[in-house]
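Residue numbering restarts at 1 for every chain, and letters A, B, ... go by the order of the sequence lines.
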Protein chains: 2
Amino acid sequence: MSSRLKDVAARAGVSVRTVSNVVNGSAAVAEDTRLRVQAALDELGYRPNLAARSLRAGRTGLIGLAIPEVRSPYFGELAGLLVEAAERRSWTVIIDQTRGDAEAERRLLTRAGGRVVDGLVISPWALGPEELTAAARSTPVVLLGERSPEGLVDRVAVDNVLAADQATTHLLESGRRRVAALGLQPHLRNGTAEQRRAGYHRALARAGITPDPALEAEVSALHRADGAKAMAQLLDGSGRPDAVFAFSDELALGAMHMAHLRGLDVPGDIAFVGFDDVEDGRFANPALTTVAPDKEQIVERALQCLADRIYSPGNAVRPLDIVVPHRLVVRASSDAPSS
Amino acid sequence: MSSRLKDVAARAGVSVRTVSNVVNGSAAVAEDTRLRVQAALDELGYRPNLAARSLRAGRTGLIGLAIPEVRSPYFGELAGLLVEAAERRSWTVIIDQTRGDAEAERRLLTRAGGRVVDGLVISPWALGPEELTAAARSTPVVLLGERSPEGLVDRVAVDNVLAADQATTHLLESGRRRVAALGLQPHLRNGTAEQRRAGYHRALARAGITPDPALEAEVSALHRADGAKAMAQLLDGSGRPDAVFAFSDELALGAMHMAHLRGLDVPGDIAFVGFDDVEDGRFANPALTTVAPDKEQIVERALQCLADRIYSPGNAVRPLDIVVPHRLVVRASSDAPSS
DNA sequence: ATGAAAGCGCTAACAT
DNA sequence: ATGTTAGCGCTTTCAT
């Protein structure tokens, strides 16, 4: 099979110690031996066995990313960015999908405990704070989006209440009066939707508008199809919305599609704002107004948290609650009605 | 820190051998000892150290997936499916992005050689056949899409020539005459675009149409923006297309967006067909006609190849060239012109 | 500057 | 049924 340190040592006529030093540059090696060893290394096509290294080091160089699904544009983009950022820190990322399933989330947390990964970045949907906190005691864990109770685990997120408030306010300022909120998920333990709803209510209140239950639509998942379905219900209901604040771009895109099917003009008859700023939205017809979280910063700060815990585990830093910036990107889907 | 087999053994008053047997169920253990050991296991919260296991087993249980980028809808969907399929085989997937960069592809191939992963599924863009074949000699490798010369490495793909022919034929049959091909990538070593172009030419030839160079648009990458840019060039050129066969849905979506911006009606003035059948296309306005490869089968067969090579390495099976089925999904973007 | 050897945590061959 | 131990490939302490 493939060659080990020992083989290379035998071939170069030195000890494994010296070969190891050449491979890692970990100690001074006489120039001529170094060359001899290097030659042997090349001839044998030596590749270090990572399992052995990890076993020695007590670290794997792997970090986990647990997200509901890779294929969704938002998490896909996030995963891409995280992989790149991890690379810069010489980490390899294991991406796992939870599908918002409690069992899957639990399994990944457990695996993190099993030291397959040195740390875990998780965007929890199904799991409650207790379990997350418990898991974080045995491994470095960073939460994306969801808040842990009393900040017991590191967490990185945008200010959802503020962002939702701004999105709603933007619609109100463009003259819309019957703004719907699309994306409630009362069945999840994830509080994100609840926070966005709070921001939505806050904006309505400031404008002196009483929330209308007929303008709040629930979804069972966050795909375009769910957005389309919820939109259909809004249009068939008594709410008669002239604008929609969807809690994700995917939902917004699905909803917008439904509006088109129903013969509505966007933004003439109805305006849309999404959340996430995924690429699809930028190229939709019309282009989608959205809340853009600073994704680069989300992954960067998450990894920083992990690094801090992994490399100085004794140093019991207080768990961080990091808020990353966002901005409202106005595009054609929410232009003021031509009136 | 965390507990080892030895700790559990001490606590239960048995040998490590017995604990190992309990953990793995690998040998008969007396019921009462089993219970005692299990209790110790639970109390100590024992988790096996995977690095040690891998070192012993000579296998890591990890497989690599190397794709240009996770965030693109097509590769995102594929990655999601592959992770699920791998799970069923108790494999964990490491996803890596190559960005079509030769150096990145080379690095991943090398890592595969380093036994971090037991095998690698790669969608090569930049690397030529020689290097791919060389890498496959030291590790199980499956190619997605790209054909290796003389079938020296396992490969899974759709029949690109046939698919492109069908897509083009569909447009011609709906009465279009000036069908453009969008998505040539002469700078890549990847032959996929070339195959799709061949299918496009074959369809034109069958219809007695001479290919017009002004109707063939190159792109530097495969994002919506590239599709939009190429579309602008087509519209500004002398080709005056009444239909576009884009080599990917993303390109098609970008191109369709540009058509809208130019005030063209789709499909009235111009029809579109994409390739990949990603979710975005299904919810686009209008919904995008596309070639739908059987993605489930792509990942399933790819993993099957890997499993064969990993579990019976001596068994030098001839490299397989697997063609998975596809179908043309006709949607609103290519309805016959109302004429 | 380099060699010898211990030991990371686990499994399995060899005992009893 | 269960204990003892070698060894997977590597890094690193201790010697020289």
Side-chain angles (χ1 to χ4, degrees), chain A residues 1-38 40-41 44-62 90 111 113-118 138-139 313, chain B residues 1-41 44-62 111 113-118 138-139 313:
Chain A
M1 261 285 317
S2 57
S3 53
R4 297 139 310 149
L5 230 35
K6 205 210 292 188
D7 304 321
V8 181
R11 177 163 197 123
V14 297
S15 77
V16 291
R17 162 75 206 267
T18 304
V19 182
S20 174
N21 283 340
V22 171
V23 172
N24 303 299
S26 39
V29 177
E31 187 56 15
D32 55 337
T33 32
R34 207 187 59 72
L35 287 172
R36 214 167 60 249
V37 171
Q38 190 56 59
L41 243 18
L44 266 44
Y46 173 79
R47 302 271 159 238
N49 178 318
L50 274 280
R53 258 190 194 169
S54 306
L55 179 57
R56 262 294 334 205
R59 248 183 242 129
T60 61
L62 261 32
S90 330
R111 175 207 284 166
R115 297 175 246 57
V116 184
V117 292
D118 296 337
S138 64
T139 334
Chain B
M1 263 285 313
S2 57
S3 52
R4 298 139 308 150
L5 230 36
K6 205 208 293 186
D7 304 322
V8 181
R11 177 161 196 126
V14 297
S15 77
V16 291
R17 163 74 207 269
T18 304
V19 182
S20 175
N21 283 341
V22 172
V23 172
N24 302 300
S26 39
V29 177
E31 188 56 15
D32 56 337
T33 34
R34 208 187 58 72
L35 288 172
R36 215 165 60 250
V37 171
Q38 190 56 59
L41 243 19
L44 266 42
Y46 172 79
R47 303 269 159 239
N49 179 318
L50 275 280
R53 258 190 195 170
S54 309
L55 179 56
R56 252 318 317 216
R59 246 183 243 131
T60 60
L62 260 33
R111 175 206 286 164
R115 296 175 246 57
V116 185
V117 291
D118 296 336
S138 64
T139 334

Residue met sooner reading DNA chain C from 5', once B/Ala51 and B/Asn21 are mapped to nucleotides: B/Ala51
Computed from five pairs at either end and rounded to 10 degrees, the angle between the axes of the helix from C/dA1-D/dT16 to C/dT16-D/dA1 is 40°
According to a strict under-4.0 Å criterion, is A/Thr18 in side-chain N/O contact with OP1 or OP2 of C/dG3? yes
Just the rounded figure in Å: distance from P of D/dG9 to CZ of A/Arg53. 14 Å
Atom-pair distance (CD on B/Glu31; P on D/dT2), nearest Å: 11 Å
On DNA chain D, more 5' by nearest nucleotide between B/Leu55 and B/Ser15 is B/Ser15
Rounding to a whole Å, what distance do you find between A/Asn49:CG and C/dC8:C1'? 13 Å
Starting at atom CZ of B/Arg36, determine the distance to atom C1' of D/dT2, rounded to an integer number of angstrom. 11 Å
Residue whose closest nucleotide on DNA chain D lies nearer the 5' end, B/Ala30 versus B/Arg56: B/Ala30
If you restrict it to nitrogen or oxygen atoms, what contacts under 3.5 Å exist between nucleotides 14-16 of chain C and the protein, and what is each distance?
residue	atom	partner	partner atom	Å
C/dC14	N4	B/Arg17	NH1	3.3

Is the backbone N or O of B/Ala51 less than 3.5 Å from a side-chain atom of A/Ser54, with the two atoms forming a donor-acceptor pair by type? no
Partners meeting side chain to side chain donor-acceptor pair (under 3.5 Å) with B/Thr60 (sequence neighbours left out): B/Asp118
So, OP1 or OP2 of D/dT11: does either fall under 4.0 Å of a side-chain N or O from A/Asn24? yes
Expressed in angstrom and rounded to an integer, what is the separation of A/Arg47 atom CZ from D/dC8 atom P? 22 Å
Nearest whole Å is fine: how far is D/dC8 P from A/Asp7 CG? 11 Å
Whole-Å distance between D/dG9 C1' and A/Leu44 CG? 15 Å
Find the distance B/Leu5:CG to D/dG7:C1' and express it as a whole number of Å. 16 Å
Distance check: side-chain N/O of A/Ser20 vs OP1/OP2 of D/dT12, anything under 4.0 Å? no
With respect to the phosphate group of D/dG9, does any side-chain polar atom (N or O) of A/Arg4 fall under 4.0 Å of OP1 or OP2? yes
